[in-house]
Each structure stands twice: as C-alpha cells, then as structure tokens.
Amino acid sequence: MLPPETKKEHWARRIGALVAALSIQVLLIWLVFVGCALLFFWMVTKVFVEQEKALDQAAFAFVGDFTTPELTDAMYFVTFFGSKYFLIFGSLGLALFFFIFQKWRFYALKIISIAATTTLFNQTMKWLFGRPRPETAFLEQGGNSFPSGHAMIGGAFWGLLLYLIWTNLERGWLRWSLSALFAIWILLIGFSRVYLNVHYASDVLAGWGAGFFWLILAINLLKKVQKRMGRKVEEEVSDEHISEEAFQRE
C-alpha cells in the first residue's frame, strides 16, 4: 500500500499524463485538419491559377517506369474498393451491421451521413472545377477529374473505419497494426488512380485533402449531435422518473 501522500502524487501524475496525451491528440487532429485544407487549396492554386503541370507529368512518368500487366491487374483490383459501386453497398452494408447492435447504432448514422455528404461535395466540386480526365487513361471513366472521388469519398470511408478502429480498440499493437494497414490501403487506392491514368496526381492529393478535412469536421459535428441527443434522453428519463414519484405520492 502506498502512503496517502504518495497515492495523491501517483494519481496526480496519471491525470497529468492523460491531460497531456489528450492535448497532444487534439493538437495533432487540428494540424491534420488545417494541413488538409491547405493541401486542397494548394492543389487548386497549382492547377487552376498557376496552371502547373510538372507534378502531374512527373507522377505519370514515375508510374510508367514500372508498369507491368500483373501490376495493372492488381491496380484494377485495388481501385475497385474506392469505386462508387463498392462505396454505396459497402456503406449501406456496414451501416446495417452497426444498426443491429443498439450500442453501435450511432455509428450507422455516422457512416451514412459522412458517405452521403462527402459524395455530394465531391460531385459539386467536380462540376465547379470541370477539369477533364487524362487522355491516357487505361479505362474509360465518366465525369470530371478534379478532385478524385476515389481519394475523397474512398478516403473518407476508409478513414472513418480507421477512426473507429483507433477509438474502439484497446490493445496497442492491434490498434496500431490495423490503423497502419488502413492508412496504407487509402494510399494504395489513391496511387491506383494515378497508375491507371484515370486521375492526375493533383486530383488525388486534392481529394485526400478535401476528404479528410470533411471527415474530421463531420466527426466533430456528429459528436456534438450525439451529446445533445444523450442529454435529451437523460432529461426525458429524469422527467419520467419525477412524474412517477409524483404519481406515487398522490
């Protein structure tokens, strides 16, 4: 048993360490949030104001140096997991799965709302910027090029799963391993779009910037909604309890 003074010091150190960790986490989130916004506007400036093509040309030249039939097949496979067909059915299926369990039902709302709003923003920006796709594309794709939907919508979808893993898993090694795998997967999906020449590198970078920016913003907005709903339920339960006590007294 620790003396009373030592116990107080022990708990003070633990609380201080927790506060410091939370502060670092909040700071990192804000840095990512601001960095994503800056990345998106930097790409907009480079592409539409300065009309800079060096980055996109360098990226196509880079992937062209190791293009093989086997790697192309692998990229077709990877890119499917950022396609609208996968994201539509994947989002609905995952939301349905979470909806089955009462304690996870709010996750279903997060998945559907983030997927729907990210898609809306992406299509709106594609229409506003109106950038044609590369003429060297390996496969025919409809719609405009900037920003990449696979990077923006897919990044938000897989990024949300990464967030759920990070916030719900307690084991350090498993949480870090799965988070790293999901981060690599997001990068691979974006890389596949450049490899297949269906997007410029600037499209993908802008998509990641916009997608992660909106993901962080949406998660925080939904947290506030969840807290308000929780307070409302608590107030209703409290009112019912008071009414029952009053009825019993009568």
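We're numbering straight along the sequence, starting at 1.
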Any donor and acceptor pair, going by atom type alone, linking the side chain of [X] with main-chain N or O of [Y] inside 3.5 Å?
{"X": "Ser83", "Y": "Phe80", "answer": "yes"}
{"X": "Ser192", "Y": "Ile189", "answer": "yes"}
{"X": "Lys126", "Y": "Pro147", "answer": "yes"}
{"X": "Thr118", "Y": "Ile114", "answer": "yes"}
{"X": "Asp56", "Y": "Ala201", "answer": "yes"}
{"X": "Arg193", "Y": "His199", "answer": "no"}
{"X": "Asn122", "Y": "Ile153", "answer": "no"}

Legend entry - Modelled atom types, side-chain donor and acceptor of Asp203 and Ser148, under 3.5 Å: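 Result is no, nothing qualifies.
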
Inset, instruction - Go through the side-chain N and O atoms of Thr72 and Tyr195 and say whether any donor and acceptor fall under 3.5 Å apart. - result: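 Result is yes, a qualifying pair exists.
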
Inset, instruction - Measure from the ring center of Phe86 to the ring center of Trp158 and say whether it is less than 6.0 Å. - result: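 Yes - the distance between ring centres of Phe86 and Trp158 falls below the 6.0 Å cut-off.
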
Inset, instruction - Look at the aromatic rings of Phe213 and Phe33 and report parallel, tilted or perpendicular, splitting at 30° and 60°. - result: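 Plane angle under 30°, so parallel.
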
Legend entry - Test side-chain hydrogen bond (donor to acceptor under 3.5 Å, both in side chains) applied to Tyr163 and Asn168, step by step: CA-CA 8 Å; Tyr163 164 78; Asn168 287 280; over 6 Å; no

